[in-house]
Amino acid sequence: MIVRSKRSWELPERQATPEDRFRQRRQLVKALAAGPILAASGLGLAGAAAAATGPYPAKRNPRYTLGRPVTDEKIVTTYNNFFEFGSHKQIWKAAQKLKTRPWTVTVDGMVEKPFTIDADALIRKLPLEERLYRHRCVEAWSIAVPWSGFPLAALVAMARPSAGAKYVAMHGFHDTSVASGQRQSWYPWPYVEGLTIAEATNELAFIATGAYGKEIAKQNGAPLRLAVPWKYGFKSIKSITRFTFTDKRPVSFWEEIAGKEYGFWANVNPEIDHPRWSQATERQLGTGKTVPTLLYNGYGEQVAHLYTDVKGEELFR
Ligand code: MTE
């Protein structure tokens, strides 16, 4: 982002785990976890699995495939952007200070009835699934992650926005006692992002509550973060506390800091360079490869139609 820090390629990378090996390993771990509890408790299989693992691992939705290896969990959990904890990539230890229980989520603004709900209760209300998503950071590095969670559309349905609501703004947390980055008052805290209602209800817009078959790590945005894989990574706000439905386009965190570099739409496009670097290719963390970046990060089939009627806007920054 605008704050210059070490580049991804300065970090040692591990071999990525091929998707099929990852799946086998996950099934094995699940079977091992369920075994002793089954024997000890005499519960049925479904009950035992729930007791052992909570909602994770969630059942994979086979509709979302990657075309590249899943990135090693170690990379995804130790190489992060989370400016609340610092403007460099090695924030994972500092992020452990974030207290994610209890955690409340507020849904308000132009909705039938605003409400506040405990994050665990929200997660229990909605059926979780696992999806393999690519993630393309505006800084030209990319990863591929097995997220678990629920479609943002399910939360929009719970919220019952009024007909006049056009956008949903999402806010991160604000707590200077745990997040050293938030003591740097030149940033416009809290982190804010926004989507149109059409984007928020697109099938791809996902709220991740887990990753790699378990609860999501704090450094990846626990207890819930957005995953909108056709957009640059900064749109995928972490550790959300509030969803506000509104008729005014939200000004997001990075847009407020440097609107010429980071816009509202931020759809991935290899042909439109960032003002300071090319977006033509991306460094795939964990594979050692630099590969061509794809329009909408390869998700054009699902999302290109959202933008056909949007005229005179910078859709790709
Ligand atoms: N969300 C919050 N709250 N704070 C942040 O600094 N960084 C964004 C996004 N969400 C950020 C955030 C950026 S720039 C990227 S690339 C992704 O988170 C990184 O997600 P990851 O660390 O899980 O890979």
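One-based numbering, in listed order, for ligands and for the atoms of each.
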Student: Which of these, T104, T106, D108, sits in a side chain to side chain donor-acceptor pair (under 3.5 Å) with R242?
Tutor: D108
Student: Looking only at the side chains, is there a donor atom on one of E313 and W265 sitting less than 3.5 Å from an acceptor on the other?
Tutor: yes
Student: Provide the closest heavy-atom pair for W103 versus A222 in the form atom of the first, atom of the second, distance.
Tutor: CH2-O, 4.4 Å
Student: Checking Y79 against Q219: is there a side-chain donor and acceptor pair closer than 3.5 Å?
Tutor: no
Student: Drop me the distance from R134's CZ to Q284's CD, to the nearest 0.5 angstrom.
Tutor: 10.0 Å
Student: Report every pair formed by an N or O atom of ligand 1 and a protein N or O atom separated by less than 3.5 Å, giving atom names and the distance to 0.1 Å.
Tutor:
residue, atom, partner, partner atom, Å
ligand 1, 1 (N), K238, N, 3.0
ligand 1, 3 (N), E84, OE2, 2.8
ligand 1, 3 (N), K238, O, 3.4
ligand 1, 4 (N), E84, OE1, 2.8
ligand 1, 6 (O), F83, N, 2.7
ligand 1, 7 (N), N81, O, 3.3
ligand 1, 10 (N), S236, O, 2.8
ligand 1, 20 (O), R225, NH2, 3.3
ligand 1, 20 (O), K238, NZ, 3.4
ligand 1, 22 (O), N80, ND2, 2.9
ligand 1, 22 (O), N81, N, 3.3
ligand 1, 22 (O), K238, NZ, 2.6
ligand 1, 23 (O), N220, ND2, 2.9
ligand 1, 23 (O), R225, NH1, 3.1
ligand 1, 23 (O), K238, NZ, 3.4

Student: Check whether NZ of the Lys or CZ of the Arg R136 lies under 6.0 Å from the centre of the six-membered ring of Y232 and within 45 degrees of that ring's axis.
Tutor: no
